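So you know, we letter chains A, B, ... as the sequences are listed, proteins then strands, and number each from 1. For clarity, every value in this text was computed on a predicted model and none was experimentally measured.
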Amino acid sequence: RKEVEQDPGPFNVPEGATVAFNCTYSNSASQSFFWYRQDCRKEPKLLMSVYSSGNEDGRFTAQLNRASQYISLLIRDSKLSDSATYLCVVNTVSYSSASKIIFGSGTRLSIRP
Amino acid sequence: DAGVTQSPTHLIKTRGQQVTLRCSPKSGHDTVSWYQQALGQGPQFIFQYYEEEERQRGNFPDRFSGHQFPNYSSELNVNALLLGDSALYLCASSLPDRGETQYFGPGTRLLVL
């Protein structure tokens, strides 16, 4: 089993739709969680951190469920510019304070006009 | 404020050769991580450097080695290149107390023939 798993997609949705991605992780000791966005042939860029209480940034909402070990990303009123690959990232800090950062394989999202 | 820079942008090598990739972190960052991203996959963690020492390492063979300089820049060396080493190599920098928030460079595309 992969340490971080995502549905690879692709998700193909019309502009204005709401779309949700889930990501599961296997290490219950993981401490911090993020969503990154990666455009084609570009580097990943931080989209948002994910907190236990859930957090929202404009049209984007991220949630963490520690009991079930999954995180989610909800995009409302999707725009053409939201087309990208969304990467789930899980970080576990060891006793030596070193971070073990695991990326999921990414979920491809394509927004059609 | 310069972001993370990497050189070269593209590289073609043949099997058995050695390669050195370079990274300069974002201003103020002293922690550098290296990732390998194969086509269609998420970035895979290679190792992380802090205070000129390797602090954490992923599941990569000893052919992959690195170095961090006093100015926090870093090099990734790969010896005895294999066809399977063809990938996008990403460098990410971060602050030591917020090591999980990664800022990525544009990457180096390595093709091994």
same_hphob_cluster(B:Leu88, B:Leu83) at 4.5 Å side-chain heavy-atom cutoff: no
Among residues 104-113 of chain B, residues within the sub-4.5 Å heavy-atom range of chain A, in order of number, are B:Phe104, B:Gly105, B:Pro106, B:Arg109
Less than 3.5 Å apart, any donor N or O on the side chain of A:Gln38 or B:Gln37 sitting next to an acceptor on the other? yes
Go through A:Pro44, A:Gly104, A:Gly106 and name the one with the most non-hydrogen pairs under 4.5 angstrom from chain B. A:Pro44
Could I get the full list of ring-ring contact (aromatic ring centres under 6.0 Å, His included) partners for A:Tyr25, not counting sequence neighbours? A:Phe33
Where A:Phe34 and B:Thr101 come nearest, the two heavy atoms and their spacing: CE2-OG1, 4.2 Å
In Å, rounded to the nearest 0.5 Å, how long is the span from CD of B:Gln44 to CD1 of A:Ile102? 7.5 Å
Which bit of A:Arg108 comes within less than 4.5 Å of chain B, counting heavy atoms only: side chain, backbone, both or neither? neither
Examine A:Phe103 together with B:Tyr35 and report whether their ring centres are nearer than 6.0 Å. yes
Within the 4.5 Å heavy-atom criterion, are A:Val89 and B:Pro43 side-chain neighbours or not? no
Distance from A:Ile101 atom CD1 to B:Ser94 atom OG, nearest 0.5 Å? 6.5 Å
For residues A:Met48 and A:Val90: do they belong to one hydrophobic cluster (side chain heavy atoms under 4.5 Å, members Ile, Leu, Val, Met, Phe, Trp, Tyr)? yes
Counting only heavy atoms not in B:Gln68 (residues, nucleotides, ligands), do more than 12 fall under 6.0 Å from its CD? yes
Those residues that, when tested against A:Tyr86, pass ring-ring contact (aromatic ring centres under 6.0 Å, His included) (two or more places apart): A:Phe21
According to a 4.5 Å side-chain heavy-atom criterion applied to Ile, Leu, Val, Met, Phe, Trp and Tyr, with indirect links allowed, do B:Phe60 and B:Val32 form part of one hydrophobic cluster? yes
Can you tell me if B:Leu39 has over 12 outside heavy atoms packed within less than 6.0 Å of its CG? no
Going through the distances and angles, do A:Leu46 and B:Gln102 end up as a side-chain contact (heavy atoms from CB on, under 4.5 Å)? CA-CA 7 Å; A:Leu46 179 66; B:Gln102 308 269 296; over 6 Å; no
If Ile, Leu, Val, Met, Phe, Trp and Tyr residues are connected whenever their side-chain heavy atoms lie under 4.5 Å apart, and connections chain through other members, are B:Tyr72 and B:Leu95 in the same group? no
Same cluster or not: are B:Tyr89 and B:Val19 linked, directly or through other Ile, Leu, Val, Met, Phe, Trp or Tyr residues, by side-chain heavy atoms under 4.5 angstrom apart? yes
Contact list (residues 64-77 of chain A to chain B, heavy-atom gap under 4.5 Å, by number) returns none
